[in-house]
Student: 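Handing you a structure now.
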Amino acid sequence: MDINDIVKGGDERITLNKNGLNKYHGNPLIYKSVFNRGSCTMSNLNVDSKRAVDKMLKKLQKEDYDKLLNEQQNQLKKLIDVDSSNDFDIFYAPSGSDLCYYPIMFSRIINPDQKIFSVVTCPEELGTGSNTAIKGEYFFGTNQFEENVIKNDTIHKEITIDQETFSARDDLGNILTHKTEILEIIERKSIDNQVIANLVIGSKSGIVDNISMIPRANKKCFWVIDVCQMRTTQKLINNLIRLNCMVMLTGSKFYQSPPFCGAILVPKTITSKLVNISDKAVAPFLKIFSTSDIPLSHPILRSKFRQNENYGTLLRWEAAVSEMKLLSFYGEDMVTMSVDRWNAFIISQLQIKSDYFELMPDQQFTNRSIVSFNVKHKDGSLLSDEELRVLYLEICAKERDDFYDFKKIIIGQPVKYDNKSFIRLALGSFNVRMLIANDFDFQFDKKLISIIQKELKKLYWN
């Protein structure tokens with residue numbers, strides 16, 4: 001194995017094409033000339049995470065894979081489990097979208113005779129892969145074993161999932177709340193179904209669902225909280241686990257590991273019920289998970305899956321864990337203050353250039369490490385989703401010679417809502433550390449906004 005394994009062991013999105021780029025127009029191994037303000041998905045290694053990955057590669061030459069996997073998960077657990085309560089297990093997956101299959105599998109093991117009903121919030125601000133996986137369909141065309149499957153096919157003939165979705169925003173972009181309707185449908189559907197309720201804390205634009213509904217819901221409900229952006233505190237994650245929620249994380253968003261690496265934290269109140277595991281219950285998931293995803297503390301469940309040493313997932317998580325450790329040295333208050341200063345600067349710059357940009361509504365209800373905004377035509381009308389994607393590619397898909405020593409730019413991909421679309425700028429952990437080290441010099445962010453403006457005028461203002 002070598003450093004190139006970091007772009008293997010996942011689905012086709014992370015594979016490098018003949019030009020050496022993945023689906024997101026980047027190569028995680030090339031990082032020295034890249035300026036990253038992307039909210040997720042296309043992060044590169046950095047000088048620190050590269051060192052951690054190299055160290056892991058050396059260990060893999062001498063030590064047992066399962067031992068190193070277990071050690072890494074224990075490190076991750078310590079970084080999350082602030083009270084050392086040890087009341088959850090960590091399950092891995094090649095990506096955050098793959099995590100959505102776990103609650104379906106747990107339902108089949110624990111309640112094999114019950115139908116599944118899924119409640120989904122913010123579907124338009126989740127990844128398309130997650131929306132597909134929640135329905136029990138393949139979101140990918142190639143799995144971690146490099147086998148092909150038929151994308152959007154059901155993962156098994158016995159998997160049929162009914163669902164109800166609740167939109168994130170109205171047609172003006174205002175954030176919607178659905179607390180009453182969600183509680184009502186959970187109560188009604190829990191009579192004949194295993195309900196899986198999917199909430200989000202940190203959607204693509206940083207939306208945070210109202211978790212106060214969780215204690216009020218029917219106790220049989222499986223709560224699955226998408227914290228995949230990892231733009232939250234350990235305290236909140238631990239509170240969710242105490243509320244008996246499964247919590248989905250990724251290392252490739254705020255902690256800027258190369259894509260992708262997923263982990264779901266499952267309370268032991270749920271994992272303690274993973275007994276009497278039939279082959280039939282796990283059959284739909286044999287092309288999705290392997291032994292590298294199931295913790296060593298669950299040997300019976302692990303034995304049901306194919307033996308596999310997924311070096312890609314292990315190396316990507318190693319990059320994320322190294323960033324988590326480095327950022328933890330600064331303390332939560334310092335990190336929060338840094339994000340707040342950056343947020344205020346970006347918003348002020350977008351407001352100064354209000355002829356070109358328009359902030360999305362309800363910024364105060366989203367995470368401050370993401371700023372979402374529309375882009376305008378000369379007459380003040382907003383760019384369509386298709387137009388915004390062309391602008392995005394002009395900014396991110398080409399090498400540049402107009403941005404200091406940076407050759408590539410990464411920003412958040414367009415997010416569609418109603419018939420409109422917005423783009424995002426975001427901070428990750430490495431970015432926060434660099435801002436602190438450079439005494440909050442925002443010259444690069446100022447230049448980035450000028451470049452977006454320049455490309456906009458070139459494309460649509462003539």
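Just so you know, these numbers use all the heavy atoms, side chains as well, and skip hydrogens, waters and symmetry mates. Bear in mind that the values here come from a model prediction, so they are computed numbers and not experimental data.
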Student: Could you tell me whether a side-chain N or O of Ser338 sits under 3.5 Å from a main-chain N or O of Leu435, the two making a donor and an acceptor?
Tutor: no
Student: Identify all side-chain donor-acceptor contacts of residues 54-63 below 3.5 Å with residues at least two apart in sequence or on another chain.
Tutor:
residue, atom, partner, partner atom, Å
Asp54, OD1, Lys50, NZ, 3.4
Asp54, OD2, Lys50, NZ, 2.8
Glu63, OE1, Lys67, NZ, 2.5

Student: Does any non-hydrogen side-chain atom of Arg13 lie less than 4.5 Å from one of Ser97?
Tutor: yes
Student: Yes or no on side chain to side chain donor-acceptor pair (under 3.5 Å) for Ser212 and Lys179, after CA distance, side-chain angles and deciding distance?
Tutor: CA-CA 9 Å; Ser212 65; Lys179 183 177 174 181; 2.9 Å; yes
Student: For Ser33 and Asp405, does a side-chain donor sit closer than 3.5 Å to a side-chain acceptor?
Tutor: no
Student: Applying ring pair (Phe, Tyr, Trp, His ring centres under 6.0 Å), name anything that partners Phe440, two or more places apart in sequence or on another chain.
Tutor: none
Student: Considering residues at least two apart in sequence or located in another chain, which fulfil the side-chain contact (heavy atoms from CB on, under 4.5 Å) criterion with Cys261?
Tutor: Ser257, Arg316, Trp317
Student: Evaluate the criterion side-chain contact (heavy atoms from CB on, under 4.5 Å) for residue pair Lys325 and Gln75; output intermediate values, then yes/no.
Tutor: CA-CA 9 Å; Lys325 287 178 184 173; Gln75 283 187 335; 3.1 Å; yes
Student: Between Glu137 (side chain) and Lys151 (backbone), is there a donor-acceptor pair under 3.5 Å?
Tutor: no
Student: Drop me the distance from Phe357's CZ to Phe373's CZ, to the nearest 0.5 angstrom.
Tutor: 5.5 Å
Student: Tell me whether the rings of Phe442 and Phe345 are parallel (<30°), tilted (30 to 60°) or perpendicular (>60°).
Tutor: parallel
Student: Any chance you could measure Phe444, atom CZ, to Phe35, atom CZ, to the nearest 0.5 Å?
Tutor: 7.0 Å
Student: To the nearest 0.5 Å, tell me how far Leu448 CG sits from Ser450 OG.
Tutor: 8.5 Å
Student: Has the side chain of Asn70 got a donor or acceptor atom that lies under 3.5 Å from a matching backbone atom of Leu296?
Tutor: no
Student: Of the non-hydrogen atoms in Asn308 and Thr291, which two are nearest, and what is the gap between them?
Tutor: N-OG1, 2.9 Å
Student: Check whether any side-chain heavy atom of Gln256 lies under 4.5 Å from a side-chain heavy atom of Leu45, and answer yes or no.
Tutor: no
Student: When you look at Ile288 and Phe140, which way does the side-chain contact (heavy atoms from CB on, under 4.5 Å) test go after all the steps?
Tutor: CA-CA 10 Å; Ile288 299 168; Phe140 51 82; 4.2 Å; yes
Student: I'd like to know if the side chain of Asp5 and the backbone of Asp2 have a donor-acceptor N/O pair within less than 3.5 Å.
Tutor: yes
Student: Are Val375 and Leu391 close enough that some pair of their side-chain heavy atoms sits under 4.5 Å apart?
Tutor: yes
Student: Hey, are the side chains of Trp342 and Asn431 touching, using non-hydrogen atoms and a 4.5 Å cut-off?
Tutor: no
Student: Going by atom types alone, do Asn310 and Ser292 pair a side-chain donor with an acceptor below 3.5 Å?
Tutor: no
Student: Can you check whether Tyr102 and Phe91 have ring centres sitting under 6.0 Å from each other?
Tutor: yes
Student: Any salt bridge linking Glu386 with Arg389? Criterion: basic side-chain nitrogen under 4.0 Å from a carboxylate oxygen.
Tutor: no
Student: If we ignore hydrogens and angles and just use 3.5 Å, is the side chain of Asn374 paired with the main-chain N or O of Ser421 as donor and acceptor?
Tutor: yes
Student: Just by modelled atom types, is the Leu314 backbone N or O under 3.5 Å from a matching donor or acceptor in the Gln72 side chain?
Tutor: yes
Student: Which atom names give the shortest non-hydrogen contact between Lys420 and Leu382, and what distance separates them?
Tutor: CD-CD1, 4.0 Å
Student: Would you name the heavy atoms of Thr313 and Ala93 that are closest together and state the gap between them?
Tutor: CG2-O, 4.0 Å
Student: Could you verify whether a donor N or O on one side chain and an acceptor N or O on the other, from Asn148 and Thr142, lie under 3.5 Å apart?
Tutor: yes
Student: Quick test of your reading: applying salt bridge (Lys or Arg N to Asp or Glu O under 4.0 Å), list the pairs with at least one residue in residues 72-81, sequence neighbours left out, ordered by first then second residue.
Tutor: none
Student: State, with a plain yes or no, whether a side-chain heavy atom of Leu425 is found less than 4.5 Å away from one of Ile452.
Tutor: yes
Student: State the CD-CD1 distance between Gln73 and Ile90, to the nearest 0.5 angstrom.
Tutor: 5.5 Å
Student: Can Arg433 and Glu323 be counted as an ion pair, charged N to O under 4.0 angstrom?
Tutor: yes
Student: Under 4.5 Å between any side-chain heavy atoms of Asn244 and Ile214, yes or no?
Tutor: no
Student: Is any side-chain N of the basic residue among Asp445 and Arg37 closer than 4.0 Å to the acidic one's carboxylate O?
Tutor: yes
Student: Listed by chain and number, what are the salt bridge (Lys or Arg N to Asp or Glu O under 4.0 Å) partners of Lys454, not counting sequence neighbours?
Tutor: Asp402
Student: For residues 326-348, which residue pairs pass the salt bridge (Lys or Arg N to Asp or Glu O under 4.0 Å) check, not counting sequence neighbours?
Tutor: Asp340-Arg368
Student: Tell me whether Lys32 at atom NZ has more than 12 heavy atoms from other residues, nucleotides or ligands lying less than 6.0 Å away.
Tutor: no
Student: Kindly indicate whether the side chain of Val227, heavy atoms from C-beta on, has any atom under 4.5 Å from the side chain of Met248.
Tutor: no
Student: Please identify each residue that fulfils side-chain contact (heavy atoms from CB on, under 4.5 Å) with Ser381, with sequence neighbours left out.
Tutor: His377, Asp379
Student: Within this structure, what is the CZ-CZ distance for the pair Phe430 and Phe254, rounded to the nearest 0.5 Å?
Tutor: 13.0 Å
Student: What about the rings of Phe406 and Tyr404, do their centers lie closer together than 6.0 Å?
Tutor: no
Student: Taking all atoms of both residues into account, what is the closest heavy-atom pair of Pro259 and Pro28, and its distance?
Tutor: CD-CG, 4.2 Å
Student: Checking Gln234 side chain against Leu79 main chain: does a donor-acceptor pair fall under 3.5 Å?
Tutor: yes
Student: Using a 4.5 Å cut-off on heavy atoms from C-beta on, say whether the side chain of Ser429 contacts that of Val432.
Tutor: no
Student: I'd like to check the side-chain hydrogen bond (donor to acceptor under 3.5 Å, both in side chains) partners of Asn152; sequence neighbours left out, ordered by chain and number.
Tutor: none
Student: Who pairs with Lys457 by side-chain contact (heavy atoms from CB on, under 4.5 Å), at least two apart in sequence or on another chain?
Tutor: Tyr356, Gln453, Trp461
Student: Do Tyr392 side-chain atoms and Ala397 backbone N/O form a donor-acceptor pair below 3.5 Å?
Tutor: no
Student: Got a sec, which pairs hit ring pair (Phe, Tyr, Trp, His ring centres under 6.0 Å) with one end in residues 57-76, sequence neighbours left out?
Tutor: Tyr65-Tyr311
Student: Keeping the roles fixed (side chain from Glu12, backbone from Gly141), state whether a donor-acceptor pair exists under 3.5 Å.
Tutor: yes
Student: Does Lys23 use its side chain to pair, donor to acceptor, with the backbone of Thr15 at less than 3.5 Å?
Tutor: no
Student: Around Glu146, counting heavy atoms of other residues, nucleotides and ligands shown, do more than 12 lie under 6.0 Å from its CD?
Tutor: no
Student: Quick one: CG on Leu388 to CD1 on Ile423, what's the gap to the nearest 0.5 Å?
Tutor: 5.0 Å
Student: For Lys235, which residues count as a side-chain contact (heavy atoms from CB on, under 4.5 Å) partner, sequence neighbours excluded?
Tutor: Thr233, Asn239
Student: Please list all pairs passing the salt bridge (Lys or Arg N to Asp or Glu O under 4.0 Å) test where one or both residues lie in residues 89-105, with sequence neighbours left out.
Tutor: none
